[in-house]
Structure formats: C-alpha cells, structure tokens
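Report on the structure given below.
Below, chains carry the letters A, B, ... as their sequence lines are ordered, and counting in each starts from 1.
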Amino acid sequence: MTDWERRSVVRVVPPLRPRKLAKVPFVELAEGRLQGVVSSGSDIARVYVSSIAAGTHTYSCGTNNNRPCGGLSGAPCKHLQALVTEAVLQYGLDRVARYLRVDVGEGEDLLSRLDGAPERAPAAGVFSRFLRHLAYLELPDTTEPIAELQWFPATRAVR
Amino acid sequence: MLGVQLAALLDGEVPGVAEALDLVDGFDDALVHGLARLDEEQAGRLAALAGALRDTPLGPAVGEAVEKITAGSIGEQELAALAGARTTLLGAVHDARLARFDAALGRARDTWEEPPASPPVEGPLGAGRSWLQELAITGWRGVDHDLVSAADQAVSALLDEPALRGPAVLLDGLAAELRASCPVATMDRVPARRWADLWARALLLLQPGTSGTRPAGAVSGRLLPLGVDVHEHGTAVQIQVHGVLEPTDGSPTRLVRASVAAAKVDTIVGPAVWRLLDGHPVLLKALAEHRSVDLAEVPVTAGGDLIWQDDRATPGEPADPFATARLRLSDALAPAVPPLERHPVRIAEPVLVEGYTIDGDALTLDGHTLAVDLERLPGCGPLTPELVAASSTCVGLVRWEAGRWTLQPLAVQATVKRKTVEAHGGDWALGPTDPKVAKAEAKAGDAVAVLRERAGRLLRR
Ligand SMILES: [Zn+2]
C-alpha cells in the first residue's frame with residue numbers, strides 16, 4: 001500500500017465551485033446521466049427535469065409531471081442548455097466531459113459535441129432525488145458533537 | 001509550544017505503533033478485495049490480526065470471526081467483531097500518540113469517568129448494518145451504482161432521528177465518496193485506510209446502545225475561544241470551537257469545545273455555510289468579534305464537549321484568542337477522550353506557536369520542523385496558504401495524520417506589505433469582512449435562500 005492509501009483523511013470527492021442556483025437549482029452526475037432540475041422561466045411552481053445519458057448522449061426534458069418539453073424539436077432545448085452550462089460551472093468541463101464520455105477541447109462547447117437523439121427518460125426518479133436533496137435543508141441542526149466529522153475536514157474553497 | 005517541546009514531540013518512534021498499523025493494513029486490504037474472495041495471504045493477515053488480540057477480552061470473538069469469515073460465512077456478528085478488533089488497534093495507536101503529545105507539552109489531562117447510563121437510542125439501525133455487510137462481502141473494488149444507491153433509504157431513515165445524526169452523516173459521507181468513485185474497479189487506487197475507518201466506525205455506531213451523547217453535568221463560567229475547526233462534506237457542516245473555560249465554581253480552568261452541525265447540500269459552499277448556523281447568534285458573534293462568552297448551566301460531556309445552548313450564553317468582553325492562548329492555554333486541564341472516540345483522527349490539540357519561519361508547508365522552530373496542513377484551511381474563512389506562509393504566530397491544532405505530526409492553523413498573525421495582519425477562521429461568521437469576497441457572495445446570490453424557497457414550494461405540495 002502507498003502512503004496515500006494508508007491515510008485516514010484524503011479528499012475523494014472533488015470540491016464543487018459555487019454558482020447561482022436560481023435557474024438550475026439541482027445538477028448531478030449520477031445513475032449514468034448528467035441530470036438535474038431547471039426552474040421554469042414563466043411559472044414559479046413548475047420545474048423541468050432534464051438529463052443526458054453518458055455514452056449514448058441521448059437526452060430528455062419534461063416537466064416533473066412527465067409532460068414532454070415543448071422546446072425539444074430534434075435539438076436540445078434551453079433547459080438542457082442551462083443544465084450543461086451550470087454543470088460545467090459546478091463540476092468543471094473536464095469532469096462533466098469525462099462522465100458523459102465525450103471529447104471536448106479547451107474552449108469548445110460541450111453541447112455541440114454531443115450527437116445523441118431525444119429519448120424519453122422518466123422524470124420521477126430525478127425529481128424525487130431533488131426533493132430528497134431539498135429535504136436536507138429542513139433537518140434541524142444539532143449541538144451534540146459529531147466526532148465522525150473529524151474524517152471530513154473543510155478544505156480550501158475553489159474560486 | 002516551545003522549540004524544546006516540539007523536539008520532544010518529534011523524538012523517535014513510539015514502540016508498537018508500526019506493528020499495530022501493519023495489522024490494520026491487513027484488514028483494510030481484505031476489505032478492498034471483498035471478504036467473499038480472500039486469497040491465502042489476505043486470510044493469513046486476518047489471522048494475524050486475531051492472533052495479536054488473542055489475550056484481550058475481544059480475543060475469542062475475533063478468533064472465531066476470522067475462522068468463520070475465512071470459511072465463507074460472513075455474518076453481522078463476525079463483521080462487528082472484526083470492526084471492534086480494528087478499532088481496538090487504532091485506539092491503542094491514538095493513546096500512544098496522545099500520551100506522547102501530553103508528555104512533550106506537559107499538558108495535564110483529566111481521567112475518564114463514565115457518565116451516568118441513559119436509555120439506548122432506539123432507531124432504524126439494521127438497514128445501515130446490512131448495507132455495510134454487503135460492502136464488506138463485495139469489497140470496495142466491486143462497488144457499483146446499484147450498491148451505492150442501496151444506502152439511500154438507510155441514510156434517510158437515520159437522518160430522521162436526531163440522536164443518530166452521527167451515523168447518518170457518516171454513512172452519507174461514505175456513500176457520496178463511493179458514488180463519486182463508481183465504478184470503483186476502474187480507480188487507479190482506493191483510499192483503503194479511510195474507507196475502512198468509515199466502515200468500521202459506522203458499523204460500531206449502528207450497534208444498539210453505542211450512539212447518542214450523554215452529558216456528565218453542566219457548567220457556568222467564562223468561555224474564551226481559541227479558534228474554530230470546520231468539518232464539511234456534501235450534506236453536512238460542523239463548526240467546532242476550541243476554547244478555555246474559566247468555571248465560576250472555582251474549579252480549574254479547562255479546555256472545552258462547542259459544536260454546531262447543520263445538514264446542507266453540496267452546492268452550499270464557502271462563506272454561505274455560516275448562514276446555516278444562524279440559529280446560534282451568540283456563538284457566531286463571539287467568533288466574528290473575538291469575544292468571550294458567559295455561560296449559565298450549559299451541559300457538558302465527560303469528553304469536554306459543551307452541548308451548546310445559545311439561550312444560556314451571553315456575549316462578553318472582547319477577548320483576543322492569541323492572548324488567551326498565551327496566558328491560559330498552558331495551565332488549562334485537557335479533557336479525557338471518550339473510549340469509543342479513540343482514533344488518531346480525533347487528536348486535535350490546541351497550541352500556540354510563535355517565532356517560527358515557514359518554507360512551503362514546513363514550519364521551523366528552533367531548528368525543529370513541523371508540517372503545516374495547508375489543505376485544512378476552510379473556504380468559509382479568511383485563512384489562505386499565503387497568509388500562513390507570511391505568518392510568525394499561529395494558534396492551531398496539532399494532529400497526527402499519515403504517520404506524522406501536523407499543525408492545522410486556526411488563526412495567524414502575519415506580516416503583509418510590512419503591516420501586521422491577523423486572520424481567524426471564524427472572522428466571517430457574521431458575513432465576509434473582505435470586501436472582494438463579500439461582493440462575490442452578493443453576486444452569486446443567496447444559495448441558502450434560493451433552495452429554502454424551492455423546498456418550501458415543492459416539498460409541501
Ligand atoms: Zn426543456
């Protein structure tokens with residue numbers, strides 16, 4: 001074993017960069033997709049669930065009630081564009097491109113390098129993951145010490 | 001900490017530590033490949049682990065567990081015995097290292113007194129244990145998306161029980177690391193010690209009766225903060241204030257810690273995390289304004305942890321943490337470490353270091369060199385590697401990590417452009433004081449408010 005493998009404290013999850021959350025409150029690289037939730041520009045109570053599959057690059061967009069997005073006509077809609085833009089801000093271009101398995105040069109537009117077709121993906125799973133994500137903010141804080149967090153030191157910010 | 005104390009700290013190996021860690025490595029390597037497919041060498045190293053503990057109270061259980069596991073029978077009981085064995089070894093390493101620190105610094109430490117028993121925390125412990133069992137059988141190298149997702153339900157159930165927040169954030173943190181590493185089979189290398197640490201700790205906390213905090217009494221007096229240590233992963237943040245307590249009952253001055261932890265999401269980072277802790281304004285004000293705090297009957301554990309209650313705290317006079325460290329630290333009684341928390345990562349001893357030089361991440365004091373941990377400078381505060389490099393006085397935590405002693409800066413005095421400047425980790429507790437950072441924060445918008453609005457609208461429909 002190397003010294004790194006013998007360390008109790010190493011950074012395994014790369015740090016995220018801060019970004020504005022209003023337009024795209026939720027982005028994740030999970031379940032083999034870049035997926036997330038995009039706020040509707042017109043209706044404050046409506047959100048769109050957008051996703052792009054790794055490898056095949058098929059894409060999908062619809063409301064959280066599974067109504068297809070009207071902007072999907074053979075090309076990614078503005079929700080998917082916003083999803084990709086915010087994912088690159090949050091994770092960095094390299095990490096998103098590696099996850100989706102696509103070659104993108106420095107300064108190239110990731111979306112234009114994807115050649116998938118639209119394919120309906122169920123929104124319910126992603127939407128419930130988003131709700132689970134939001135539910136963290138509803139948990140009460142605690143003043144009992146959590147010794148387990150000694151394994152998770154806060155580290156420098158990425159600016 | 002004086003040069004001669006640093007010299008004593010660094011002076012030679014502690015006997016037995018390398019041997020204990022070698023046995024831990026054997027277990028950790030087995031967990032990389034999975035207990036269901038142990039080869040002869042891995043089985044031999046597990047047997048060596050059992051052999052080393054043969055004459056301890058754990059001995060018979062561990063011996064039997066290794067035999068069964070090697071024969072392919074990997075039950076919860078066997079795994080708990082192995083986790084206990086590994087924890088015992090690392091506990092011994094912790095004790096040896098902390099004793100070395102106390103001897104070198106001349107730090108007096110309280111003896112452990114078992115607090116009065118309280119009813120065990122009831123809760124959904126079984127689902128987490130089953131997940132940990134699956135992980136152990138499969139091995140880190142076999143972890144895929146499906147196995148990671150299987151943790152979600154266990155984590156959600158644990159999060160609903162406030163007394164089980166410890167195991168909940170631990171499992172959640174481990175699952176997030178595995179998710180980010182999936183499929184683990186393609187990783188160049190696996191953080192074997194770390195993941196085994198988290199696995200073993202979680203398995204112990206999920207045994208009935210091990211979780212939950214028990215206060216040993218209550219204290220009144222003046223708290224003089226030394227600095228703040230910040231812990232964070234995607235869905236949790238904790239601030240831990242280290243300070244000196246002057247009890248009003250005339251008992252000796254003692255070292256204590258006050259902690260506040262909040263759940264969060266991964267997109268809340270940097271100075272925004274303070275917003276999640278704003279239910280504790282007295283503590284935040286004390287950090288931001290360098291003030292003492294007067295405490296009235298605040299519960300405290302036998303391990304020196306205050307169970308913070310903001311309504312029993314009153315902001316006091318200005319109190320310079322450097323002065324506190326200079327005048328009060330050397331006489332303060334350090335708390336005992338709770339038996340279940342004995343692990344090298346738990347070592348975090350406040351010290352004052354003055355009159356050193358720094359080159360890169362190496363601090364030199366009277367010819368003795370100590371590594372400075374430049375990674376542990378939280379993004380929610382003003383400490384930067386540049387400031388640390390320009391510093392000559394530091395309040396920090398001495399830790400033992402990766403086989404060496406390190407210093408984690410909590411506050412520094414530095415010379416920048418011929419001016420003396422100070423930076424403390426908690427300076428931004430009430431908002432960034434650096435105009436550039438404040439402007440960037442304002443531009444990015446209030447992440448906490450945006451998500452709370454979304455939660456309010458979408459969760460309660
Ligand atoms: Zn759309």
Side-chain angles (χ1 to χ4, degrees), chain A residues 1-22 25-32 37 39 44-45 47 64 90 95 127 129-159, chain B residues 25 145 159 162 165-166 169-170 173 176-177 179-181 189-194 197-198 201 213 230-236 238 259-267 269-270 279 305 307-308 341 344-346 375-380 401-402 444-445 447 450-452 454-455 457-459:
Chain A
M1 274 198 219
T2 63
D3 283 349
W4 184 87
E5 290 165 299
R6 278 202 195 93
R7 291 186 63 167
S8 285
V9 178
V10 291
R11 176 136 81 190
V12 177
V13 181
L16 297 189
R17 276 177 288 197
R19 61 179 184 87
K20 288 188 192 182
L21 300 178
F26 181 57
V27 172
E28 63 171 1
L29 298 169
E31 304 179 314
V37 169
S39 301
I44 193 159
V47 293
N64 51 311
Q90 178 166 316
R95 202 168 148 201
F127 190 66
R129 288 174 65 84
F130 175 50
L131 293 184
R132 184 171 184 268
H133 182 81
L134 289 179
Y136 279 100
L137 298 174
E138 309 268 297
L139 292 171
D141 51 25
T142 175
T143 60
E144 292 188 3
I146 302 177
E148 293 64 49
L149 284 172
Q150 294 290 343
W151 273 275
F152 298 90
T155 51
R156 267 182 279 158
V158 200
R159 293 197 212 282
Chain B
D25 281 344
H145 283 291
L159 282 169
R165 193 62 69 84
V169 300
L170 180 54
E177 294 190 0
R179 184 174 293 118
S181 308
R189 52 186 187 174
V190 171
R193 171 76 55 80
R194 174 177 179 78
D197 272 358
L198 303 180
R201 177 98 190 127
T213 305
V230 185
H231 311 140
E232 187 177 358
H233 67 42
T235 55
Q238 173 171 259
S259 309
V260 183
K264 71 176 195 76
V265 295
D266 54 2
T267 43
V269 291
D305 283 297
I307 311 294
W308 191 256
E341 293 182 17
V345 301
R346 174 65 161 63
E375 279 299 308
R376 284 189 193 242
L377 301 175
C380 62
E401 167 63 9
V450 166
L451 291 176
R452 280 188 177 151
R454 291 279 84 184
R457 204 170 283 282
L458 297 167
L459 281 178

Which atoms of F130(A) are under 4.5 Å from chain B, going by heavy atoms: the side chain, the backbone, both sets, or neither? side chain
Could you give the distance from OG1 (T235(B)) to NE2 (H133(A)), rounded to the nearest 0.5 Å? 10.0 Å
Residues D25(B) and M1(A): closest non-hydrogen pair is O-CE, 3.3 Å
When every non-hydrogen atom of R179(B) is compared with those of A30(A), the smallest separation belongs to CD-CB, 4.5 Å
With respect to chain B, which residue among V13(A), L29(A), V37(A), I44(A) yields the maximal number of heavy-atom pairs within a distance under 4.5 Å? I44(A)
When every non-hydrogen atom of Y136(A) is compared with those of A263(B), the smallest separation belongs to O-CB, 3.3 Å
Report yes if some heavy atom in the side chain of L131(A) is under 4.5 Å from a heavy atom in the side chain of L458(B); otherwise report no. yes
What's the spacing between D266(B) CG and L16(A) CG if we round to 0.5 Å? 5.0 Å
Within 45° of the axis and under 6.0 Å from the centre of the six-membered ring of F127(A), does NZ or CZ of R454(B) qualify? no
Interchain contact, A180(B) with chain A, by part (heavy-atom threshold 4.5 Å): side chain
Using non-hydrogen atoms and a 4.5 Å limit, figure out which bit of E375(B) sits close to chain A: side chain, backbone, both or neither. both
Which of the residues V230(B), V260(B), V345(B) is involved in the greatest number of heavy-atom pairs with chain A at under 4.5 angstrom? V345(B)
Let me know if V190(B) has heavy atoms under 4.5 Å from chain A in its side chain, its backbone, both or neither. backbone
Working to the nearest 0.5 Å, report the span between OG of S8(A) and CZ of R194(B). 8.0 Å
Qualifying residue for side chain to side chain contact (heavy atoms under 4.5 Å, CB included) with Q238(B), from T142(A), T143(A), I146(A): I146(A)
Between CG of L451(B) and CG of L137(A), what distance do you get to the nearest 0.5 Å? 5.5 Å
From the list R165(B), E341(B), R452(B), the residue making the most non-hydrogen contacts under 4.5 Å with chain A is R165(B)
Which bit of E138(A) comes within less than 4.5 Å of chain B, counting heavy atoms only: side chain, backbone, both or neither? side chain
Looking at A261(B) and D141(A), what are the two nearest heavy atoms and their distance? O-CB, 3.0 Å
For G166(B) and E148(A), work out which heavy atoms get closest and say how close. CA-OE1, 3.5 Å
Checking V27(A) against chain B: side chain, backbone, both or neither under 4.5 Å from a heavy atom? neither
Is any side-chain heavy atom of R193(B) closer than 4.5 Å to a side-chain heavy atom of V10(A)? no
Pairwise side-chain contact, P145(A) with I307(B), heavy-atom cut-off 4.5 Å (strictly under): yes
Can you confirm whether F152(A) sits close enough to E177(B) that some side-chain heavy atom of one is under 4.5 Å from a side-chain heavy atom of the other? yes
Contacting region of E31(A) [heavy-atom separation from chain B under 4.5 Å]: backbone
Given side chains that start at C-beta, do those of V269(B) and P15(A) come closer than 4.5 Å, heavy atoms only? no
Under 6.0 Å from the ring centre and within 45 degrees of the ring axis: does the NZ or CZ of R201(B) meet both conditions for the six-membered ring of W151(A)? no
With side chains defined as the heavy atoms from C-beta onward, is the minimum distance between E5(A) and P191(B) less than 4.5 Å? no
For R376(B), is it the side chain, the backbone, both, or neither that has a heavy atom closer than 4.5 Å to a heavy atom of chain A? both
Side chain, backbone, both or neither: which part of E401(B) has a non-hydrogen atom closer than 4.5 Å to chain A? side chain
